[in-house]
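Inspection log for the structure reproduced underneath, given as structure tokens.
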There are 2 protein chains.
Amino acid sequence: MSLRNTDVSAEVEHEATCTVLQVLERVSGKWSIGILLAAMNGPVRFTELERGINGISRRMLTLTLRNLERDGLLTRTVYPTVPPKVEYTVTEMARELYDSLRSLTAWAERNLDTIATARHTYDTAKR
Amino acid sequence: MSLRNTDVSAEVEHEATCTVLQVLERVSGKWSIGILLAAMNGPVRFTELERGINGISRRMLTLTLRNLERDGLLTRTVYPTVPPKVEYTVTEMARELYDSLRSLTAWAERNLDTIATARHTYDTAKR
DNA sequence: CGGAATCCCGCAAGATACTG
DNA sequence: CAGTATCTTGCGGGATTCCG
């Protein structure tokens, strides 16, 4: 985006920024992706997630699940049994999101070393 | 990922999570993407960014630029003139990252309405 | 089992002021 | 022009406790 002119192209790219940011907000947060990932291979129960995701607190699990459900990425199903049973299932939209995340993962894997080197160079140069 | 078993597939997916998270950490932060985007069409100067990116503070601009430079996503070039002139240029790695972000943007654009509806439904149902 | 409520803390980020 | 230095605040997230 040329910041010098004020034509439409700047607007377009600004909207692009916003769109990306909205995705990132949705997916950011320490646990969202982990939860989504854990639910990809079929319905998962609350306690399964709690045990399976390393380091997550009960609170954050609940909160993140609520947000994912709210955004329509997860479906919450309650079985009125005793003891209660609740299952979380990823929606089709979430699967598509996951597919999109793959290219990002691929980028990260390709450039992990480059970044590590860049950091090391930067850090040792400045000190 | 089946959280019940402890086979390799769980490990693979856990690593996938970590890789994605590393990307997100790099790109998260309120301003990183905006700055990257603004620098995509050629070298950009500090003040250009400050004026072009809506709402960014001088401090956050500096900090974000430093981090992007440190990770090798941006190159900082100083021209020892007076007044000083500094140009920031995206690296090839950053361009590839941007390309990867496109599929994410595409996903967001496809599902923006769906998400908005989901939220509204969720919010009105719970209240 | 699957939560909700409450308290607490660190850190990202804003505001403001000064400088080579 | 292109920063740095402080001070301050908001909020994400952890720990703990209680509940249907």
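Since the model is a prediction, treat every value here as computed from it, not as a measurement. In what follows, chains carry the letters A, B, and so on, assigned in the order in which the sequence lines appear, proteins first and then strands, with residues in each chain numbered from 1.
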Discussion item. Can you see if the side chain of Tyr88(B) gets near the phosphate of dG3(D) - specifically, an N or O under 4.0 Å from OP1 or OP2?
Written reply: yes

Worksheet item: Just by distance, do the side chain of Arg95(B) and the backbone of Val90(B) share a donor-acceptor pair under 3.5 Å?
Response: no

Worksheet item: Is the side chain of Glu48(A) donor-acceptor paired with the backbone N or O of Arg45(A) at a distance under 3.5 Å, no angle test?
Response: yes

Worksheet, complete the sentence: Between Arg58(B) and Lys85(A), the residue closer to the 5' end of DNA chain C by nearest nucleotide is Lys85(A)

Practice prompt. Output all residues satisfying side-chain contact (heavy atoms from CB on, under 4.5 Å) with Val82(A), sequence neighbours left out; order by chain, then residue number.
Written response: none

Worksheet item: How many Å lie between CZ on Arg66(B) and C1' on dT4(D), as a whole number?
Response: 10 Å

Fill in: Carboxylate-amine/guanidinium proximity below 4.0 Å for Glu96(A) and Arg110(B)
yes

Worksheet entry | Separation of Ile33(B) CD1 from Leu101(B) CG (nearest 0.5 Å) | 5.0 Å

Taking only N/O atoms, report every protein-nucleotides 11-15 of chain D pair under 3.5 Å with atom names and distance.
residue, atom, partner, partner atom, Å
dG13(D), OP1, Lys30(A), N, 3.1
dG13(D), N7, Arg59(A), NH2, 2.6
dG14(D), OP1, Lys30(A), NZ, 2.9
dG14(D), OP2, Trp31(A), NE1, 3.4
dG14(D), N7, Arg59(A), NE, 3.3
dG14(D), O6, Arg59(A), NE, 3.0

Worksheet item: Distance-only, no hydrogens or angles: does the Trp107(A) side chain make a donor-acceptor pair with backbone N or O of Met93(B) under 3.5 Å?
Response: yes

Worksheet, complete the sentence: Taken to the nearest whole Å, CD/Glu48(B) to P/dC1(D) is 11 Å

Worksheet item: Do the side-chain N and O atoms of Thr105(A) and Thr19(B) include a donor-acceptor pair separated by under 3.5 angstrom?
Response: no

Worksheet, complete the sentence: Contacts of Thr117(B) meeting side-chain contact (heavy atoms from CB on, under 4.5 Å) (sequence neighbours excluded), chain-then-number -> Thr121(B)

Practice prompt. Scan residues 57-68 of chain B for pairs that pass salt bridge (Lys or Arg N to Asp or Glu O under 4.0 Å), counting only residues two or more places apart or in two chains.
Written response: Glu50(B)-Arg58(B)

Item to complete: Determine yes or no for a side-chain-to-main-chain donor-acceptor pair under 3.5 angstrom, with Thr64(B) supplying the side chain and Trp31(B) the backbone.
Response: no

Practice prompt. For DNA chain C, note the earliest and the latest nucleotide, 5' to 3', having some atom under 4.0 Å of a heavy atom belonging to chain B.
Written response: dA13(C) to dG20(C)

Worksheet item: Counting any heavy atom closer than 4.0 Å, what does Thr62(B) reach on the DNA or RNA strands: base, sugar-phosphate only, or nothing?
Response: base

Worksheet item: Is it true that a side-chain atom of Ser103(A) and a backbone atom of Ser100(B) form a donor plus acceptor pair closer than 3.5 Å?
Response: yes

Worksheet item: In whole Å, what is the span from the CZ atom of Arg76(B) to the P atom of dA2(D)?
Response: 10 Å

Worksheet item: Which whole-number value in Å describes the distance from Leu74(B) CG to dA2(D) C1'?
Response: 15 Å

Fill in: Bending between helix ends of the helix from dC1(C)-dG20(D) to dG20(C)-dC1(D) [5 pairs per end, 10° resolution]
50°

